[in-house]
Amino acid sequence: MGHQEIKFYQTGTFTVGNRLLPPEQRSVQSDIERTNSLNSGHRACQGCGEALGARYAIDAAMRATNNQLVAVNATGCLEVFSTPYPETSWQIPWIHSLFGNAAAVATGVAAANKVKALKAGKALPETRVIAQGGDGGTTDIGFGCLSGMFERNDDVLYICYDNQAYMNTGVQRSSATPPAARTATTMPVGEHPGNEWGQGKNVPLIAMAHGIPYVATASVSDLRDLEYKVKKAMSMRGARYIHIFVPCPLGWGSASHDTIKLARLAKETGLFPVFEAEYGEVTNVSKIRQKQPVEEYLRLQRRFAHLFGKKPRLDEIERFQHMADQNIRKFGLLGDDKATVGYYGAEHE
Amino acid sequence: MLKQCEGSHAVAEAVALSRPEVICAYPISPQTHIVEGLGEMVKKGDIKDCEYINVESEFAAMSVAIGSSAAGARTYTATASQGLLFMVEAVYNASGLGLPIVMTVANRAIGAPINIWNDHSDSMSQRDCGWIQIFAETNQEAADLHIQAFKLAEELSLPVMVCMDGFILTHAYERVDMPTQEQVDAFLPPYSPRQILDPAAPVSIGAMVGPEAFSEVRYLAHAKQMQALELIPKISAQFKEIFGRDSGGLVRPYMLEDAETVVIALGSVLGTIKDTIDEMRADGISIGVLGINSFRPFPVSAIRRSLSHAKRIIVLEKSLAVGIGGIVATDVRMALDGLDKRIYTVVAGLGGRNITRSSLHRVFRLAMHDQLEALHFLDLEWSIVNKELDRERTTRRSGPIAENILRDLGQAKSNVG
Amino acid sequence: MNKPFAITLNVGSSLANKTGTWRTFRPVYVKRLSPCNNACPAGEDTQGWLYHAESGDYETAWRHLTQDNPMPAVMGRVCYHPCEAACNRGKLDSAVGINSVERFLGDEAIQLGWKFDKPAQESGKRVLVVGAGPSGLSAAYQLRRMGHQVVIFEAGPLAGGMMRFGIPKYRLPREVLDAEIQRILDMGVELRLNTKVDDILVTMKEEKFDAAFLAVGAHLAKRTAIPAAESAKILDAVSVLRSMEGEDKPMLGRRVVVYGGGNTAIDVARTAKRLGAEEAIIVYRRTREKMPAHDFEVEEALQEGVLMRWLSTIKQVGDGGAIQVEKMELDENGKPVPTGEFDTLEADSVILALGQDVDLGLLNGVPDLTFEDGVVKVDEHMMTGYAGIFAGGDMVPSDRTVTVGVGHGKHAARHIDAWLRGTTYEVEPKAELANYEKLNPWYYTDADKTVRPMLDIIRRQSTFDEVQGGLDEGNALFEARRCLSCGNCFECDNCYGVCPDNAVIKLGPGKKFEFNYEYCKGCGVCVEECPCGAIKMEPEST
Amino acid sequence: MFQVRIHGRGGQGVVTGAEMLSIAAFLEGRHAQAFPSFGSERTGAPVVAFCRIADKEIRLREPVMEPDALIIQDATLLAQIDVFAGLSENGYVVLNTNHTLEEMGLAEFAQRFRAERVITVSATDLSLKHVGRNAPNVPMLGAFAAVSGLISLDSVAAAIRDKFSGKVAEGNIAAATEAYNIAKARMEAAHA
């Protein structure tokens, strides 16, 4: 676990709140006064993981920055469902520019904030900036700007809400789409139905390779870990990256009520390793609590339905299991195992 | 203070005097010298409280500018040519969002074929992007226009492109009267944004707008540019009050009052044209020139008024609207709608080809005698064009045009030798 | 601020978009019946009082508990806690130690002197309770709370019934029992000891009782015809255990054989051990698995050195205590059948623990009663065939445990109260059971049950000190917090947190939550992620 | 208006030479315009730069096609391009070489111009001597100042100080001064 375990209340450790904890130990989301940075009335689908992840993350960042926060949004579902004229769901200063430039726009905001701070005679700006986008806006079209922001070590926290495809445009493949998954551009036909095996990119690891101060993965299924990571990220300066796993009922063909369950299974199978890294080095992994076979995860999603048809694709399922097991080994997700993945590029004090 | 310096340097100093807060730098000749100069000034502390950001692309340059401008910082960047095209999506975005960014476009051709020399193809490609586009004739004006541009941009909450001829101006050493900081401060107040990302008063900027309101938003963008038509001369007049010289404005007439033939052009070529006109006037020819300073908004009324006495108009432009001819000329035609005037389009100086007085003399005289075709390409080497056209007619795999022409040119040279 | 039209929007404007209209199913908060509550013979709201104990508010927890059961310190020692057998946590790691927390609360109450409130209003009705055992005391307590005047007639010299005369001290220290009885009496309940009711109708008439609750218990030992020599010392378990409360302890000798397989057999064997018997052997005709005694008691007896002869019957008791035992075997139906093989045991005394009967003498002459298997039948209102006479505990058909008795007392009191008011007490229909499938156990951390301390074995074999210790405050709190709160919101904030549409309104501490149906899209994430199964989806009415 | 064309190779400071010339003229209160022939030439490639000097504003932006003076910083260019194109008979030529015109085979060609206006100077040697590297542009300016009389040696020195500082500036000034003196001497010799 990335965060301090709360042993105090045995039935409440993993829940959002806990009536018995002192307020400072409770999650931001449990707060009756939480910001609701992304407010009601947004047009996300029922059970939208991204809406949830965004509120989790931004509310946590709001608390961490004493509400001195600006958000920059890439084009995508989050942007479209939150700000269709004449209504916005954002309660914070927020800007949407383009699909591929959120990281750079955030760099600009950070620069402006810094100048304002200098003019006010402060060494560091109070107002902080977060850039956020989906996997398409992050791992594909926005990757150049993202890498530039990382490399310059701009004072930006970039949050990727990864729902593993271009959902806004009708579920097309992105470089974060898992193998074998059905998307509108990787149909489940032919010998290898769905998305190709052996493609895609792991942006958290690439982010680490930039040697930036902080990289973490998180999931909507583990709120406390997510909040801890956002808080930690906001306590640091420089380029930071958090990659949040957010299931998409529409794109994945899953039940709207299974959003968090799927996120949990992704972690517990090992398919989505949850970890944090500082300056290119893995410093913490969230251990698997109740290891699950990949079928448990795959079966709940129609995008993988072709693996479980009349002729089940046991070979493909086996490849998924292999992938999960590899993650488990690489990141040391079980027991006392240690992570073996990491880059040691950057020097830091 | 008078000084002899490079155009890029003059612009860099003018930008520095405007107290920029964020500067985004990506190298692309010929604007590179400007941001190099600014980078040094920031680093040395000559520009106080300014963030200088070496971005990874022009797209990022404009994107960073969008962010910093929206967050309330006076923001500057510079580009040219392919670089401008690479940032186009963000260029449109900046104007759509109404962010008063000032950007130098050190005008250059765009390829293919790849070409690094001056013409106006780059900024002309962005004529509809919603930015104000003003053109500098000299380095003095380039410097002055940047100071004016910040004021213009911030009063309207619109971005401004200051266009200056790449190399011809940016790399030319000439005399520039550099304003003092006191003068600039008196002219240009600190940036007070119309909209800002401020935790104390949060707003959402950049909403998705559907068919129900999009036309209105676009109309308002147009309306703002129409406001600029009034504001540009006003700012130019204020500038003159403080700095004591004419700079900017919508149009610049020269020998126009009685001119039967009027040349219209933008940018540094106006100087060569003026020298040519002086020579022709000495020969008793009734000719003048109208420089267009503000290309966007296009000063329709000012142009119409200036050309009321002209019989014929030669629009000499360093750009080509492939498939129709002139870009500026098309706009001029609109400005003169309903008036009975001959309008000639002369496409000149593409990809850095020199525009010489002798060629201008020739083409102006042809026009005066109404012997010029409606669309003329100055100094076009027809033999080469025809050879290539012939080759394409006769050979299926005729090969790449540019390379063919270069080979033909080489043969022509060796034939001469 | 004069902001650019349509480009820049004011915060909070999306609240105008009522996404609740998207919904086809709506979530609703429910209170389901936790398995522990469902299993409690005394009808305790176990989950309910654990909720208070979790927050360390033990007095509130105790007061909540004692609404259903006035004797938690006793119950926390002698109850066989079917609640724990039903506990959903048992499927996760191990059941919540409900019984031990109950005992902690009971002990805490005694130590801190917590008292029951006296009734706010007197009803003016007089109710007779016959028998001061668990059922009678429970009824008396409940009736008194309802404002009735209650008089308990107890035939014995002390109150407590089987709690005193059947359960050994090492399981239930008498000062605990006395304290809890006294607390009931302190409410204004009158107790008349050594007052046997011979004719209930006469007694009721004489003292103008408006109703009566009979709970005389089952104090008559069952006997079986075992051929025995004159000199053979054959005792019954009831008498042995009862005599433990008197001045003279029973003389059982060095070798004691106990015949029977119930809890009483175990109790008496363990008592014999403590009285100094070198050998205490339980003879039972079936196997250990088939013994009615609770396994943990068998285990404790074995630890203390009690010997067991399973699949054995006593055929006769000869002179000098020579006992002839026949070996049995189980037939294909699991029934023990004689094998014809015999064996001999030496014993100074033989104690029969073959069950108890009820002395129904006081009902002689009462018309319209129905009896069955030596007990009196009652209707669903706990009333006998004779109007105004109610009965419970061991004298009606049921399991004979303290907890069942307490439950009878409580239920009977409610019906008596209604009857006295000329109404009928309607039992609320049971809520849907919060079974394990309705929970999302992911959210509960692993936490093994707290083990209660046990007295060391030497002292268990030689003294009547209490065998099982209680929990200290820290342990009790830990144990209470292991509760999953099955079927009932415990304010974990999950629904509030996991709603992608912020459509859950948190009402503040203790006030739980409300759905904001203006924005709830009906995705069902809250239901799926509610740890305790306190939300369900209902179709929108069309 | 006086127009100068400077020929040289990438790395020889051709453009800087034109700029310094314009600065020198500016310092004398005149208008001046210096600009290169734009291109992406790398070190070693032939490079041309221009400088116009006038008493009023210079508006003309065309390249110098009819120069009043030529500064040829690298004599090897003579064989490759027509460096003399457009030069009038009254024009000035300063050529960087340590050979004589005769040795260069230019004696006949030079006859077309006024002898005191076609001067050779070993600018490369001078720059190596005073600056330590092949930067013939500055001594060539010194020679040009002498030959053309258009600008003073002091102005050249001031322009040098505008571009360089410290030792480099002083070395260059020494090189320019020596070139100036050599040119002056050769002019007088030619005159004689």
Side-chain angles (χ1 to χ4, degrees), chain B residues 2-9 29-30 106 108-109 114-118 137-140 165-177 254 265 267-279 289 291 318 348-349 351-361 379 413 416-417, chain D residues 1 3-6 13-42 47-66 79-82 85-86 151 155-156 158-163:
Chain B
L2 284 177
K3 65 195 289 185
Q4 181 79 4
C5 66
E6 194 189 45
S8 295
H9 186 79
S29 289
R108 244 181 64 184
I114 192 163
N115 171 291
I116 61 157
W117 290 267
N118 164 255
E137 184 179 330
T138 64
N139 282 341
Q140 179 70 60
D165 285 308
F167 300 110
I168 295 175
L169 288 184
T170 58
H171 286 52
Y173 250 69
E174 53 190 45
R175 171 186 292 198
V176 175
D177 189 357
Y254 182 77
S268 68
V269 75
L270 285 165
T272 309
I273 292 171
K274 284 174 184 171
D275 275 14
T276 309
I277 282 170
D278 282 359
E279 289 164 10
V289 61
K318 290 184 174 182
R353 175 158 302 181
N354 290 320
I355 300 173
T356 61
R357 276 173 298 174
S358 62
S359 297
L360 293 177
H361 273 292
D379 297 336
K413 235 177 206 167
V416 172
Chain D
M1 187 158 64
Q3 304 191 98
V4 184
R5 194 166 71 207
I6 308 177
V14 175
V15 179
T16 313
E19 289 168 0
M20 285 190 288
L21 180 53
S22 81
I23 292 169
F26 167 79
L27 292 173
E28 295 186 3
R30 312 182 72 178
H31 287 267
Q33 177 199 58
F35 60 104
S37 72
F38 315 108
S40 55
E41 280 79 10
R42 303 321 201 222
V47 174
V48 185
F50 313 97
C51 184
R52 291 193 172 97
I53 297 165
D55 291 321
K56 59 172 184 143
E57 186 191 355
I58 300 164
R59 299 183 303 205
L60 193 63
R61 300 283 176 189
E62 66 180 22
V64 171
M65 286 169 294
E66 293 174 342
Q80 288 173 14
I81 49 174
D82 184 8
I151 47 171
S155 298
V156 171
I160 290 167
R161 288 207 177 91
D162 190 86
K163 280 274 180 188

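Note that the coordinates shown come from a computational prediction; the quantities given were computed from them, not determined experimentally. Reminder, nothing fancy here: chain letters follow the sequence lines and each chain counts from 1.
- Rounded to the nearest 0.5 angstrom, D:Met1 CE and B:Asp275 CG are separated by 6.5 Å.
- Considering only heavy-atom pairs separated by less than 4.5 Å from chain D, the leading option among B:Ile273, B:Thr356, B:Leu169 is B:Thr356.
- Identified by a heavy-atom distance below 4.5 Å to chain B, contributing residues of residues 48-56 of chain D are lacking entirely.
- Only the side chain of B:Asp278 comes within less than 4.5 Å of a heavy atom in chain D; its backbone stays farther off.
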Check against side chain to side chain contact (heavy atoms under 4.5 Å, CB included), D:Arg61 and B:Thr138: CA-CA 10 Å; D:Arg61 300 283 176 189; B:Thr138 64; 3.9 Å; yes
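- Heavy atoms from other residues, nucleotides or ligands lying under 6.0 Å from CD1 of B:Ile114 number 12 at most.
- To the nearest 0.5 Å, the span separating CD on B:Gln140 from CD on D:Glu57 amounts to 9.0 Å.
- With a 4.5 Å cut-off on non-hydrogen atoms, B:Ile168 touches chain D through its backbone and its side chain both.
- For D:Glu28, the side chain to side chain donor-acceptor pair (under 3.5 Å) test picks out D:Ser152, D:Ser155, with sequence neighbours left out.
- Among the candidates B:Lys3, B:Arg175, B:Glu174, the residue making the largest number of heavy-atom pairs closer than 4.5 Å to chain D is B:Arg175.
- Looking at every heavy atom in both residues, B:Gln4 comes nearest to D:Ser22 through NE2-OG, 2.9 Å.
- Residue-environment remark: CD (D:Glu66) stays at or below the threshold of 12 foreign heavy atoms within 6.0 Å.
- The backbone N or O of B:Arg357 lies less than 3.5 Å from a partner atom in the side chain of D:Glu62, making a donor-acceptor pair.
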